[in-house]
Amino acid sequence: MLKVWLVIYAVLAIQTCRAWDGNNEIMQSATTEQRLNEYFPDAFGLIPEPDRWNARYFQKNPPFLEQESLYEGRTPSSSWKSQRNQFSKYFLDGNPSQENNKLESRLALGGLGANLINTGIFNNRFTPANTWRPFNSLANRIPITYNPNFDSPLDDFDGCTSPSGESGICVPGSACSLFGGKPSGSCVLGKVCCINAITGCGGSVTLNNTYWQSPITAVSASSSCTLTVRLNTKYVEQLKKPICQIRLDFVSFTTAQPTLGTCTDTFQVGGSTSTVPIICGDNNGQHMYIDVPSSATTPSDVQLVFNFGTGTATRSWNIKIAMLPCGASYLAPADCLQYFTTSSGKVKSFNWQDVTTTAIRQLNNQNYNICFRTELLSGQRATEVCLSACTVTNGDAFSITTPTNNAAAAAAALVTGAVTAVTIATANVATAVAGGVAATITAANAALATAQANLATAQTNAATAAAAAGVLSGVGTSAVVNGVTTATCMYDFLLIGGGRDAAGIAADRYCGNALNPAAAGSATNVQVCTPIKSFKMNYRTDSTEAAVAAATNVLPAPADTLNVGFCLNYQEK
């Protein structure tokens, strides 16, 4: 009888529990859902679609302490590197201080969170007897998205750096062989850091961090060499992170020097939304940011094209092509061909070199912006950026447009008068010879000799005056020179908005042979600072280095001599 009563009691207890479960299921579901909505975004990087990349889910670190990036700073030897376990960002132990001190975004888990949910790891924690499944549709209710600022070591095709400093992508070894890449170093989960290079002309690129190298055989004159960068999310290697920008790093770049500033060998970029100038010469260490439409909405092909002129010259290059994802914090601002992301460094015009030169190195038809990211200094954002001429050994640190002044213009006018006098004296000699009078011929010859001597003196004086003016700085668009309104920094110039020296003397346009805002011109370089944000400069040259003649709505300008461009040290303060 006792056994019967025990069985009845057990059945009643089970029914009571089931009834309690049913009555409290709604309350339990609501409470758990609220906890999930708070827990999963924090712990696993799952992002509600309307809030992606907002301040709630993105850890705001000081710019100079951001996570190490393949595209930030570009100074691998001195860049800050985290000593934290690279997997610690994926799992939290519930300590709030750990979460607040994370060096990476909360979005880092990306696809791993989706895999954990969709494979039912968490659903399986509930017994089959309980039909309530709080995690069953979580992956559908909270869309997964990738943080473009973070390269996950768990994903394929994300960036890596080899022990030798080369950039590559993390892929299985078999995939690296399939791409024709070279394994150099390792990634996690048995993957390799695959270094991809294309050697030759006519190829195409779809992989991030690909090097385009000149052909092994010498490049012949009067030929061309092209490479196409294909941007399209249909490629599996670009699927997760649509591309909005390309960065070109000229690891090495040597072609023929320009002729009077005009490139005979040319490198140009087509198919982008940026205006990219044609360049040539020596450009080792330079870089370019190229804007493109988002590859998720507008697939595009960007062409990199070398055209080689006649004549013999050393022609070689090694260009790293980095594909930058939309929304990444390290994208360059719009219309910035060059972008510098450290608080100090060096910026140079294309083809500038510290070498002794007897020809013009400054390139014609340049028109682009050079931008500087505002950095944190001692916990506060920089309030100004200062620029000063580089220290050089053989070359010239600043040489944009050959300036003139009253003395040089007056000396040039005397040369013009002396040339006219020689012309007249020469005609008089011919007339005297035709007349046959010996005394007249002698006098005419004497006058011609005097005119020629005067011309030689005028030319010497003009050269001396031009050389004295040539070392001076120039500012503004025009100046009255010897009674004539003449262009100064109108055709070739460096624009530094709000620039001023330590004495408060201000100017926007700079040219000549020294960086100095002095209105009268100076042969001394000084530091020029600007507080105007965002920090940037504009460099512009016209299509010729020859003299510009006066015409309707055209101001005259003297011919340029041995211009080389500029090399400036920058320092944010």
Side-chain angles (χ1 to χ4, degrees), residues 67-74 76 79 81-82 86-87 89-90 104-105 107-112 115 146-200 203-213 227-251 287 289-290 292 295-296 299 301-302 304 318-331:
Q67 62 269 17
E68 182 187 13
S69 166
L70 298 180
Y71 315 109
E72 289 279 18
R74 303 291 172 169
S79 59
K81 297 185 178 181
S82 170
Q86 60 182 337
F87 290 102
K89 65 180 74 67
Y90 295 116
E104 308 291 354
S105 165
L107 313 174
L109 191 66
L112 180 60
N115 292 335
Y146 279 81
N147 181 1
N149 299 297
F150 174 66
D151 285 329
S152 169
L154 302 179
D155 286 337
D156 289 335
F157 308 112
D158 273 352
C160 59
T161 302
S162 73
S164 62
E166 293 179 296
S167 297
I169 55 174
C170 286
V171 293
S174 57
C176 187
S177 300
L178 181 65
F179 297 145
K182 174 188 69 175
S184 181
S186 60
C187 300
V188 298
L189 303 180
K191 298 175 185 177
V192 299
C193 186
C194 186
I195 311 301
N196 299 284
I198 292 181
T199 301
S204 62
V205 170
T206 61
L207 291 171
N208 182 31
N209 290 343
T210 296
Y211 292 84
W212 183 28
Q213 301 170 347
L227 182 75
T228 301
V229 182
R230 302 192 184 279
L231 305 175
N232 195 325
T233 51
K234 75 177 183 180
Y235 300 119
V236 64
E237 56 267 36
Q238 298 178 25
L239 176 62
K240 294 178 181 177
K241 297 180 180 180
I243 306 303
C244 279
Q245 208 168 67
I246 296 172
R247 171 163 171 149
L248 303 179
D249 279 282
F250 302 121
V251 181
H287 72 271
Y289 283 88
I290 300 168
V292 293
S295 60
D301 290 346
V302 175
L304 311 181
N318 184 9
I319 304 173
K320 190 183 82 170
I321 303 164
M323 301 177 185
L324 311 188
C326 304
S329 62
Y330 45 80
L331 292 178

TODO: From the options Leu227, Val302, Asn196, select the one residue that forms a side-chain contact (heavy atoms from CB on, under 4.5 Å) with Val205.
DONE: Leu227
Open item on the list: Leu248 vs Leu304, test: side-chain contact (heavy atoms from CB on, under 4.5 Å). Steps then yes/no.
Closed with: CA-CA 10 Å; Leu248 303 179; Leu304 311 181; 3.9 Å; yes
Open item on the list: Quick check: do Gln213 and Val251 have side-chain heavy atoms less than 4.5 Å from each other?
Closed with: no
Task: Gap between atom OH of Tyr211 and atom CD1 of Ile321 - 0.5 Å precision - done: 11.0 Å
Task: Side chains of Lys240 and Asp158 in contact at under 4.5 Å (non-hydrogen atoms) - done: no
Open item on the list: Run the side-chain contact (heavy atoms from CB on, under 4.5 Å) test on Leu239 and Phe157 for me, step by step, so that the C-alpha distance in whole Å, both residues' side-chain angles and the decisive distance to 0.1 Å come before the verdict.
Closed with: CA-CA 10 Å; Leu239 176 62; Phe157 308 112; over 6 Å; no
Open item on the list: When you compare the side chain of Ser167 with that of Lys320, does any pair of heavy atoms fall below 4.5 Å?
Closed with: yes
- [ ] Quick one: pull up CD1 in Ile195 and CG in Asn209 and give me the separation to the nearest 0.5 Å.
- [x] 8.0 Å
Open item on the list: If I take atom CE from residue Met323 and atom CD1 from residue Ile246, how far apart are they, to the nearest 0.5 angstrom?
Closed with: 6.5 Å
If you look only at distance, which donor and acceptor atoms sit under 3.5 Å apart when one is on a side chain in residues 175-185 and the other is two or more places apart or in another chain?
residue	atom	partner	partner atom	Å
Ser177	OG	Gly173	O	3.3
Lys182	NZ	Glu166	OE1	3.4

- [ ] Could you tell me which non-hydrogen atom of Gln238 sits nearest to which non-hydrogen atom of Ile243, and how far apart they are?
- [x] OE1-CG1, 4.2 Å
Open item on the list: My understanding is that only residues two or more places apart in sequence, or in another chain, count here; which of them pass side-chain contact (heavy atoms from CB on, under 4.5 Å) with Thr228?
Closed with: Ser204, Arg230, Asp301, Gln303
Task: Listed partners of Thr233 passing side chain to side chain donor-acceptor pair (under 3.5 Å), at least two apart - done: none
Task: Partner of Ser295 by side-chain contact (heavy atoms from CB on, under 4.5 Å), out of Cys326, Pro242, Cys244, Pro325 - done: Pro242
- [ ] Could you tell me the separation between the CG atom of Leu324 and the CZ atom of Arg247, rounded to the nearest 0.5 Å?
- [x] 8.5 Å
Open item on the list: Applying the side-chain contact (heavy atoms from CB on, under 4.5 Å) criterion to Ile169, which one of Val192, Asn208, Thr210 satisfies it?
Closed with: Asn208
Open item on the list: For the cysteine pair Cys170/Cys193, does the gap between the two SG atoms stay under 2.5 Å?
Closed with: no
